[in-house]
Amino acid sequence: MNTLEPIERENIKKTARLLLNSEFAIVLTGAGISTESGIPDFRGESGIWKKYKPKIYGSIQSFLNDPSKFWKMAEEIAPTLFNAEPNPGHYAIADLEKENIIKAVITQNIDELHQKAGTVIVYEVHGNINRFTCMGCRASYTKEQILRKIKKEKSSPGCSFCGAPLKPSVVLFGESLPNFEKYMSIDLAKKADIMLIAGSSLTVAPICDLPLYTLREGGNLIIVNDETTYLDDRAEIVINNKTGVVLPLIVQEVRSIKAKQVSDPT
Ligand code: NAD
């Protein structure tokens with residue numbers, strides 16, 4: 001724990017204790033948990049989103065007007081997204097699930113790194129980059145099929161059945177969230193006695209409101225993010241540091257408390 005301030009070390013211990021005493025802890029993650037896997041978030045200085053403004057290139061309106069613009073951006077982003085591997089933050093969350101502490105992960109990310117790290121119960125409220133759907137007949141395509149199509153057709157891929165544009169199954173700006181994930185995440189947020197928020201600026205609606213359901217029902221928030229958020233004042237614990245550093249230390253602390261409980265059950 002050398003790179004951490006004493007207060008952060010104390011907060012990690014406090015988080016572990018709160019998690020161990022919880023009955024229904026859930027996790028909410030955002031783009032920040034994947035930056036240490038090399039995928040830039042929306043707000044960082046690094047590259048891609050500075051060139052392609054997400055609200056322009058990532059909006060359903062521009063996609064409908066001209067899908068080729070979107071696919072041009074996708075060509076640049078796809079290798080980073082497809083080749084990324086989970087980092088210690090993702091593995092720590094998977095470990096907390098294995099320890100039966102975390103009951104579900106709600107993620108705004110589309111990169112599937114939680115599942116790659118081994119987490120089983122993941123609600124992807126903004127969809128997933130590895131599946132594609134036809135805007136016309138709703139036929140679905142895998143990533144491999146799309147890559148093959150792009151290579152062959154050398155333009156925005158069209159549906160093999162009806163010719164309509166194909167779109168990744170991710171929620172673009174201006175689109176609604178998928179119903180099942182939307183209602184499940186609200187339900188989970190209400191049920192949670194702890195919501196651990198990791199790597200989210202809590203600025204993208206409507207997900208930024210989820211923690212309010214937890215607070216309203218008497219649950220606690222724990223925020224791990226390298227900058228402040230609008231809910232810091234209402235959180236039980238805030239740790240402004242890297243998720244890839246803090247989350248594994250929380251798991252370490254949980255395991256050490258559990259081990260002590262086994263060796264000295266009094
Ligand atoms: P965001 O970009 O608005 O915020 C990320 C937050 O994480 C920022 O506050 C940033 O300071 C912090 N952060 C960055 N790296 C961190 C680290 N290693 N440790 C701790 N904190 C770190 O992201 P958001 O809140 O998820 O909302 C933006 C939208 O971006 C979401 O809808 C999401 O779908 C989309 N998005 C997803 C990905 C992905 O799938 N990996 C990448 C970019 C954007």
Side-chain angles (χ1 to χ4, degrees), residues 2-4 8 27-58 69-97 102 105-120 122-132 142-144 146-148 150-151 167-173 196-204 207-208 223-229 239-252:
N2 289 344
T3 58
L4 299 172
E8 292 176 316
V27 177
L28 170 65
T29 63
I33 196 165
S34 294
T35 56
E36 289 163 87
S37 292
I39 304 174
D41 59 15
F42 273 172
R43 303 159 62 81
E45 285 305 304
S46 43
I48 203 91
W49 303 114
K50 288 270 176 257
K51 185 167 160 193
Y52 299 106
K53 295 279 173 244
K55 285 201 176 161
I56 299 172
Y57 283 85
K69 242 173 152 182
F70 173 89
W71 283 102
K72 186 175 175 299
M73 170 187 76
E75 216 177 291
E76 202 168 330
I77 293 175
T80 309
L81 271 173
F82 291 154
N83 296 327
E85 291 297 332
N87 66 60
H90 297 106
Y91 287 114
I93 288 174
D95 285 342
L96 288 174
E97 187 188 58
I102 292 304
V105 173
I106 301 166
T107 188
Q108 300 171 83
N109 297 343
I110 55 168
D111 54 31
E112 224 176 82
L113 291 183
H114 285 299
Q115 294 92 324
K116 268 197 187 173
T119 302
V120 177
V122 182
Y123 293 93
E124 295 171 307
V125 284
H126 291 164
N128 182 305
I129 193 65
N130 295 313
R131 290 189 298 272
F132 297 78
T142 62
K143 175 181 81 181
E144 288 70 26
I146 294 294
L147 290 174
R148 216 179 293 154
I150 291 176
K151 214 169 163 188
K167 178 186 159 291
S169 302
V170 299
V171 177
L172 299 181
F173 283 104
L196 169 61
I197 300 165
S200 176
S201 62
L202 295 178
T203 54
V204 176
I207 293 306
C208 58
I223 300 179
V224 181
N225 202 54
D226 68 5
E227 63 170 13
T228 57
T229 75
I239 305 175
N240 288 135
N241 211 317
K242 299 287 176 202
T243 48
V245 173
V246 173
L247 298 176
L249 291 172
I250 292 173
V251 174
Q252 201 176 300

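Below, each value reflects all heavy atoms present in this structure, side chains not excepted, and no hydrogens, waters or symmetry copies. Since we're looking at a predicted model, the values are computed, not measured.
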Undergrad: State, yes or no, whether a side-chain contact exists between Val171 and Val125 at a heavy-atom distance under 4.5 Å.
TA: no
Undergrad: CD1/Ile197 to CG/Asn225 distance, rounded to the nearest 0.5 angstrom?
TA: 9.0 Å
Undergrad: Is the side chain of Glu97 donor-acceptor paired with the backbone N or O of Val120 at a distance under 3.5 Å, no angle test?
TA: yes
Undergrad: Do Asn87 and Ser37 meet the criterion of a side-chain donor-acceptor pair at a distance under 3.5 Å?
TA: yes
Undergrad: Below 4.5 Å, heavy atoms only, C-beta onward: do Lys143 and Ile146 meet side chain to side chain?
TA: no
Undergrad: Does a side-chain heavy-atom distance below 4.5 Å link His114 with Thr29?
TA: yes
Undergrad: What heavy-atom pair brings Ile129 and Pro168 nearest, and what distance separates the two atoms?
TA: CD1-CB, 4.1 Å
Undergrad: Could you go through the side-chain contact (heavy atoms from CB on, under 4.5 Å) check for Asn130 and Thr142 one step at a time?
TA: CA-CA 6 Å; Asn130 295 313; Thr142 62; over 6 Å; no
Undergrad: Is it possible for you to check whether Lys69 lies under 6.0 Å from the centre of the six-membered ring of Tyr57, through NZ or CZ, and within 45° of that ring's axis?
TA: yes
Undergrad: Is the backbone N or O of Asp111 less than 3.5 Å from a side-chain atom of Asn109, with the two atoms forming a donor-acceptor pair by type?
TA: no
Undergrad: If only side-chain N and O atoms count, and only distance matters, is there a donor-acceptor pair under 3.5 Å linking Gln108 with Glu124?
TA: no
Undergrad: Would you call the rings of Phe132 and Trp71 parallel, tilted or perpendicular if under 30° counts as parallel and over 60° as perpendicular?
TA: parallel
Undergrad: Kindly indicate whether the side chain of Ile93, heavy atoms from C-beta on, has any atom under 4.5 Å from the side chain of Val105.
TA: yes
Undergrad: More than 12 heavy atoms of other residues, nucleotides or ligands under 6.0 Å from CD of Glu75: yes or no?
TA: no
Undergrad: Taking all atoms of both residues into account, what is the closest heavy-atom pair of Ala117 and Ala94, and its distance?
TA: O-CB, 3.5 Å
Undergrad: Report yes if some heavy atom in the side chain of Ile110 is under 4.5 Å from a heavy atom in the side chain of Val170; otherwise report no.
TA: yes
Undergrad: For the pair Thr3 and Val245, evaluate side-chain contact (heavy atoms from CB on, under 4.5 Å) and give the outcome as yes or no after the intermediate values.
TA: CA-CA 9 Å; Thr3 58; Val245 173; 4.3 Å; yes
Undergrad: Donor-acceptor pair, distance only, cut-off 3.5 Å: does the side chain of Lys116 make one with the backbone of Ala84?
TA: yes
Undergrad: With side-chain contact (heavy atoms from CB on, under 4.5 Å) as the test, would you mind laying out the steps for Phe82 and Leu147 before giving the verdict?
TA: CA-CA 11 Å; Phe82 291 154; Leu147 290 174; 4.2 Å; yes
Undergrad: Set out, in order, the CA-CA distance, both residues' side-chain angles and the distance that settles side-chain contact (heavy atoms from CB on, under 4.5 Å) for Ile102 and Asp95, then state yes or no.
TA: CA-CA 9 Å; Ile102 292 304; Asp95 285 342; over 6 Å; no
Undergrad: Could you tell me the separation between the CG atom of Leu202 and the OG1 atom of Thr229, rounded to the nearest 0.5 Å?
TA: 5.0 Å
Undergrad: What I want to check is whether the side chains of Thr119 and His90 have a donor and an acceptor closer together than 3.5 Å.
TA: no
Undergrad: Between Leu172 and Lys167, is any pair of side-chain heavy atoms under 4.5 Å apart?
TA: yes
Undergrad: Do the side-chain N and O atoms of Thr35 and Asp41 include a donor-acceptor pair separated by under 3.5 angstrom?
TA: no
Undergrad: With rounding to the nearest 0.5 angstrom, report the CD1 to CD distance, Ile250 to Gln252.
TA: 11.0 Å
Undergrad: So, do Asn241 and Val224 sit near enough that their side-chain heavy atoms are less than 4.5 Å apart?
TA: no
Undergrad: Between Ala92 and Pro248, what is the shortest heavy-atom contact and its length?
TA: CB-N, 3.6 Å
Undergrad: For the atom pair CD (Glu85) and OH (Tyr91), what is the distance rounded to the nearest 0.5 Å?
TA: 6.5 Å
Undergrad: To the nearest 0.5 Å, tell me how far Tyr123 OH sits from Leu28 CG.
TA: 14.0 Å
Undergrad: Could you tell me whether the side chains of Thr107 and His126 share a donor-acceptor contact shorter than 3.5 Å?
TA: no
Undergrad: If you take all heavy atoms of Thr203 and Ser201, which pair is closest and at what distance?
TA: OG1-OG, 2.7 Å
Undergrad: Check Thr243 against Ile33 and note the closest heavy-atom contact, atom names and distance.
TA: OG1-CA, 3.6 Å
Undergrad: With a 4.5 Å cut-off on side-chain heavy atoms, are Glu36 and Pro88 touching?
TA: no
